[in-house]
Chemist: 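The structure that follows is given in the form of structure tokens.
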Amino acid sequence: MAAARLGYRCHILTREQDSPAAQVSHGVTISDYTDPVSLRAFADAVDVISFEFENVSAEGLDLLASLKPVRPSPAILRVSQDRIVEKSFINGRGVRTAPWRPVGSFAELEAAASALGLPAVLKTTLEGYDGKGQAILRGVDDLAPAFERLTPKPLILEGFINYAMEISVIVGRGEDGSFSAFDTVENRHRNHILDVTLAPARVPVSVSDAAQGIAREIAVGLDLIGLLAVEMFVDADGRVLVNEIAPRPHNSGHWTIDACPMSQFELHIRAIAGLPLPPATRHADAVMKNLVGPEEAALWPRVLATPGFIPHLYGKREARPGRKMGHVTRLFPKGSLPGEFGVTDALGFLGERG
Ligand SMILES: Nc1ncnc2c1ncn2[C@@H]1O[C@H](COP(=O)(O)OP(=O)(O)O)[C@@H](O)[C@H]1O
Ligand SMILES: [Mg+2]
């Protein structure tokens, strides 16, 4: 929709019948991510290619990149797809993450658990999203069942960060190195799935500046063209650690649709299309609440009836548990984001939920 507003026509390649993006786009190709015939026909139909999901095929993108510009590059996708490559890259740029060890075998898991201590978080290196593919290990008895359950191997063990807050920064970068970043925001997860984003994050300027600096460092290090979200932890000492990166529009940036002259989606399109990147300003503070699974999707009529709630429903066919079905944004005059109880009030009946 952001691209259409800039006068572009979008052509979606998706595996799904009736995908939300295809519902509002000019063209659609329904194909898996690797079929060379469909990929070639798709590349023929477009001028520039991007992706908004990390679990697409990097090999498929390589084929597309041999035919048309792919932004961000398949190399960046590969870094973000594999938690071991991702954390090695981030640490290599001098940026902190949770302490971590690669885990290829159960013996390596035992060694990693004694090196890092418990609790710790065991994750698949590939294919994880929205908390899928991870387990918290609280005691030694948790090691074997978690190791059995999590596939594909190898895994990664991360030290558990007792964070004071989770934050994120979304940056856009153009082919000429031009750069634009949204304010640092605060994220709250429920069942490992993003629940609420507060914009801006209620952190000292030093923390928010550190987060901005880290996001920029990573974007430059990746030679990014396009959009990148950097998810971070703020620990009890106010230090900022990177959790993971996502080279695409990000759920923690959905508030920008309503609170900014240029949304994250527009910044993405501008960056990949070679348009100017103005500063990513906001005209309001915002609280964004996800509607997750059948339970929250069922609240839709109440959402629509609540003054001040800006509704977004994605048009997904089926409301499976844990699936993001839509979100709600509420705006506040800039500089007046409410405090803790105010945030609960701001969410109304959506804030009363566990
Ligand atoms: N090392 C960790 N310490 C504490 N909490 C963690 C850790 N890793 C993940 N989490 C929690 O789980 C959430 C999802 O983990 P993440 O690695 O971002 O996976 P996903 O790819 O599913 O988003 C994080 O946002 C955070 O709330
Ligand atoms: Mg995450």
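Just follow the structure's listing: the first ligand is 1, and inside any ligand the first atom is 1.
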Chemist: May I ask you to identify, for L194, whether its side chain, its backbone, both or neither come under 4.0 Å of ligand 1 on a heavy-atom basis?
Modeler: neither

Chemist: What about Y8 and H26, are their ring centers closer than 6.0 Å?
Modeler: no

Chemist: Could R282 and D285 be called an ion pair, given the rule that one side-chain N must be under 4.0 Å from one carboxylate O?
Modeler: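 Result for this pair is yes, salt bridge flagged.
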
Chemist: Suppose you place the vertex at the Mg ion (ligand 2); what is the angle out to E244 OE2 and E231 OE1, to 10°?
Modeler: 100°

Chemist: So is R83 polar-close to ligand 1, meaning N/O to N/O under 3.5 Å?
Modeler: yes

Chemist: Check each atom of ligand 1 against the heavy atoms of E231 and keep those under 4.0 Å away; list them by number with element.
Modeler: 18 (O)

Chemist: If you measure every N/O of V121 against every N/O of ligand 1, is any gap under 3.5 Å?
Modeler: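 N/O-N/O distance below 3.5 Å does not exist for this pair.
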
Chemist: Would you call E340 and R188 a salt bridge, using N to O less than 4.0 angstrom?
Modeler: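 Yes, E340 and R188 are salt-bridged.
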
Chemist: In the protein, which heavy atom is nearest to atom 12 (O) of ligand 1, and how far is it?
Modeler: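 Result: H192 ND1, 2.9 Å.
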
Chemist: I'd like to check which ligand 1 atoms, numbered from 1 as shown, lie under 4.0 Å from a non-hydrogen atom of N243.
Modeler: 16 (P), 17 (O), 18 (O), 24 (C), 25 (O)

Chemist: Looking at atom 5 (N) of ligand 1, what's its closest protein heavy atom, distance included?
Modeler: Y163 CE2, 3.7 Å

Chemist: What is the nearest protein non-hydrogen atom to atom 27 (O) of ligand 1, stated with its residue, atom name and distance?
Modeler: E166 OE2, 2.6 Å

Chemist: In the protein, what heavy atom is nearest to atom 22 (O) of ligand 1, and what distance, to one decimal place, separates them?
Modeler: G131 N, 2.5 Å

Chemist: Is the shortest side-chain heavy-atom distance between K153 and F147 below 4.5 Å?
Modeler: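 The answer is yes, as the side chains (C-beta and beyond) meet within the 4.5 Å cut-off.
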
Chemist: Apply salt bridge (Lys or Arg N to Asp or Glu O under 4.0 Å) to residues E158 and K87 and explain how you reach the verdict.
Modeler: CA-CA 10 Å; E158 298 178 15; K87 288 203 164 56; 2.8 Å; yes

Chemist: Knowing that exactly one of N251, T329, N187 qualifies, which makes a side chain to side chain donor-acceptor pair (under 3.5 Å) with T197?
Modeler: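 It is N187; the other options fail the test.
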
Chemist: Among all protein heavy atoms, pick out the one at the shortest distance from atom 7 (C) of ligand 1; state its residue, atom name and that distance to 0.1 Å.
Modeler: F233 CZ, 3.6 Å

Chemist: Give the intermediate values and the outcome of salt bridge (Lys or Arg N to Asp or Glu O under 4.0 Å) for residues R78 and E59.
Modeler: CA-CA 10 Å; R78 282 193 164 85; E59 291 71 34; 3.4 Å; yes

Chemist: Does a side-chain N-to-carboxylate-O contact under 4.0 Å join E175 and R71?
Modeler: yes

Chemist: Judged by non-hydrogen atoms, does A120 sit under 4.0 Å from ligand 1?
Modeler: no

Chemist: How far is atom 20 (P) of ligand 1 from the closest protein heavy atom, and which atom is that?
Modeler: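 Nearest neighbour among protein heavy atoms for atom 20 (P) of ligand 1, to 0.1 Å: E244 OE2, 3.3 Å.
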
Chemist: Is any side-chain N of the basic residue among E244 and K123 closer than 4.0 Å to the acidic one's carboxylate O?
Modeler: no

Chemist: Looking at atom 19 (O) of ligand 1, what's its closest protein heavy atom, distance included?
Modeler: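 Here the closest protein heavy atom is Q134 NE2, 3.0 Å.
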
Chemist: Evaluate I161 for polar contact with ligand 1, using N/O atom pairs at a separation under 3.5 Å.
Modeler: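 Among all N and O atoms of I161, at least one is under 3.5 Å from an N or O of ligand 1.
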
Chemist: Report yes if some heavy atom in the side chain of P247 is under 4.5 Å from a heavy atom in the side chain of L228; otherwise report no.
Modeler: yes

Chemist: Which of the listed options, H189, E127, K123, holds the heavy atom that is closest to atom 9 (C) of ligand 1?
Modeler: K123

